[in-house]
Number of protein chains: 2
Amino acid sequence: MPAIIDLSYNIDPAMPVYPGSDEPTIEIVSSIEQDGYKETRISVWSHIGTHIESQSHIIKEGKTLDQFNIDQFIGSAIVISCNNLQYIEADLLPESLNKQKCPDFILFYTGWDKYWGTKRYFDNYPVLTLGVSKLLSSLPLKGIGIDTISVDPIDSKEYPVHKILLNNDKVIIENLCNLDKLPRSEFSFSCVPLKISNSEASPVRAYAII
Amino acid sequence: MPAIIDLSYNIDPAMPVYPGSDEPTIEIVSSIEQDGYKETRISVWSHIGTHIESQSHIIKEGKTLDQFNIDQFIGSAIVISCNNLQYIEADLLPESLNKQKCPDFILFYTGWDKYWGTKRYFDNYPVLTLGVSKLLSSLPLKGIGIDTISVDPIDSKEYPVHKILLNNDKVIIENLCNLDKLPRSEFSFSCVPLKISNSEASPVRAYAII
């Protein structure tokens with residue numbers, strides 16, 4: 001039996017959210033006492049916690065998550081350690097990567113998940129440079145993932161890294177966790193979103209199979 | 001590259017829901033025109049569309065989905081054809097099944113998904129008998145799945161099939177689709193729920209890898 005590593009945060013009313021977003025709400029709509037079964041209503045903003053996003057997050061008329069084949073969200077992956085770096089630059093990518101030899105996903109481990117639940121999480125976190133973003137976009141990747149709230153700085157108004165990646169049909173997974181538990185060698189990765197009509201993003205339970 | 005088969009319905013405001021439930025709502029909270037990016041608020045009842053449920057759906061203080069290790073939701077599976085049958089009985093299970101030789105999941109293909117989107121979907125659909133439920137509960141299964149709205153009849157007040165399965169730590173996946181596309185031999189199955197705190201159920205994007 002292979003090991004499965006959960007790379008996702010809990011969805012909880014007390015969880016940290018992007019400044020300006022609402023926390024999720026979980027409301028009991030049927031109870032065992034009254035109805036014989038429990039049911040809840042869950043309300044979340046689409047970029048809550050561990051989530052995945054596609055072109056239409058930033059680009060008008062861009063591709064939505066439900067327009068992708070499910071294959072887009074499953075595949076091989078590698079993790080790249082960027083611990084204690086402010087900028088994730090092109091020279092961190094393995095030299096051996098090229099259009100012929102490339103995993104489906106690259107995950108960036110910055111170690112920033114240690115600040116999850118603190119104000120620091122949203123402050124001056126590591127980001128991708130335009131250079132590495134352009135290089136990633138030129139590769140046959142399905143997507144990239146990171147253990148921070150965004151691939152662009154918190155005060156970005158133009159979201160250039162998002163635009164470069166999403167315009168090239170990559171998906172982006174943000175707020176991953178447990179990336180330190182992944183091996184140095186290639187593994188299998190799943191970031192299959194809910195199949196929400198016309199969705200620019202979805203909370204996701206991302207995991208790795210080792 | 002293995003084939004991936006999506007076994008889940010779209011989450012959409014116009015989707016069919018269990019009588020008495022609300023349809024999902026999808027509301028734009030940030031727009032590219034005003035904010036530079038699009039974000040939505042998604043509100044769903046937990047048993048909407050293709051979904052997974054655990055003990056606490058029916059049993060007070062029962063185990064919630066987030067209390068399971070993620071391994072519970074990934075594994076080997078077989079599909080059993082029950083096309084055109086009203087009752088899913090024990091004699092439909094392969095004779096070779098036993099405590100030593102058992103997949104992680106058994107999916108029941110009733111063909112009822114052809115009524116999805118019509119009134120008929122909620123009316124007199126095929127259900128599991130108590131006999132097959134007890135037999136399934138005695139096996140080392142992680143869960144069972146079906147392409148109908150419930151494993152109990154729509155007018156059930158006591159949910160005996162749910163109770164037998166959930167009490168034995170099986171998870172139940174309802175409203176699956178595309179089960180006719182699955183092979184007769186064993187395949188890999190994923191029904192990983194959102195990691196919602198204290199959740200008795202979650203919408204899920206279930207899929208098979210062939």
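In what follows, chains are A, B, ... by sequence order, proteins preceding strands, each numbered from 1. On a predicted model such as this, the values are computed, not experimentally measured, just so you know.
For B:S21, the part lying near chain A is the side chain, with the backbone staying farther off; criterion is any non-hydrogen pair under 4.5 Å. Only the side chain of B:E200 comes within contact range of chain A, with at least one heavy atom under 4.5 Å from a heavy atom of that chain. For chain A, the nearby parts of B:P193 are the backbone and the side chain; heavy atoms of each come within less than 4.5 Å. With a 4.5 angstrom heavy-atom cutoff, A:S56 touches chain B only via backbone atoms. Interface remark: B:I26 contributes side-chain atoms only to the contact with chain A (heavy atom separation under 4.5 Å). The contact between B:D66 and chain A is made entirely by side chain atoms (from C-beta outward), counting heavy-atom distances below 4.5 Å. For chain B, the nearby part of A:E33 is the side chain; its heavy atoms alone come within less than 4.5 Å. Contact annotation for B:I42: both backbone and side-chain heavy atoms come within less than 4.5 Å of a heavy atom of chain A. At a 4.5 Å heavy-atom cutoff, B:E53 makes no contact with chain A through either its backbone or its side chain. Of the atoms belonging to B:D35, it is backbone heavy atoms, and not side-chain ones, that fall under 4.5 Å from chain A. Within the 4.5 angstrom heavy-atom criterion, atoms from both the backbone and the side chain of A:I4 approach chain B.
For the options B:E27, B:H162, B:K60, heavy-atom pairs under 4.5 Å to chain A are most numerous at B:K60. Considering only heavy-atom pairs separated by less than 4.5 Å from chain A, the leading option among B:E39, B:K157, B:M15, B:R41 is B:E39. Of all the listed residues (A:V44, A:I5, A:N198), the one sharing the greatest number of non-hydrogen pairs under 4.5 Å with chain B is A:V44. Contact count against chain B (heavy-atom pairs under 4.5 Å) is highest for A:D6 among A:I48, A:D12, A:D6, A:I209. Per-residue counts of heavy-atom pairs under 4.5 Å with chain A were compared for B:D22, B:I74, B:T25; the largest is that of B:I74.
Counting only N and O atoms by type, the side chains of B:S190 and A:Y207 include a donor and acceptor under 3.5 Å apart. Under 3.5 Å, the side chains of A:S150 and A:Y159 contain no donor-acceptor pair of N or O atoms. Side-chain N/O atoms of B:T50 and B:S8 include no donor and acceptor closer than 3.5 Å. Side-chain atoms of A:N167 and A:Q55 form no donor-acceptor pair, as typed in the model, at a separation below 3.5 Å. No hydrogens or angles considered: a donor-acceptor pair under 3.5 Å links the side chains of A:K181 and A:N178.
B:F105 and B:F189 have perpendicular rings, their planes meeting at more than 60° on a 0 to 90° scale where under 30° would count as parallel. In this pair, B:H57 and B:H47 present their aromatic rings tilted. The plane angle is within the 30 to 60° band.
A donor-acceptor pair under 3.5 Å links the side-chain atoms of B:W112 to the main chain of B:Y121, judged by distance alone.
A cation-pi arrangement is absent between A:K142 and A:F73 under the rule of less than 6.0 angstrom and at most 45 degrees off the ring axis.
Summarising the local packing, CG of A:L130 is surrounded by more than 12 heavy atoms from other residues, nucleotides or ligands at distances under 6.0 Å.
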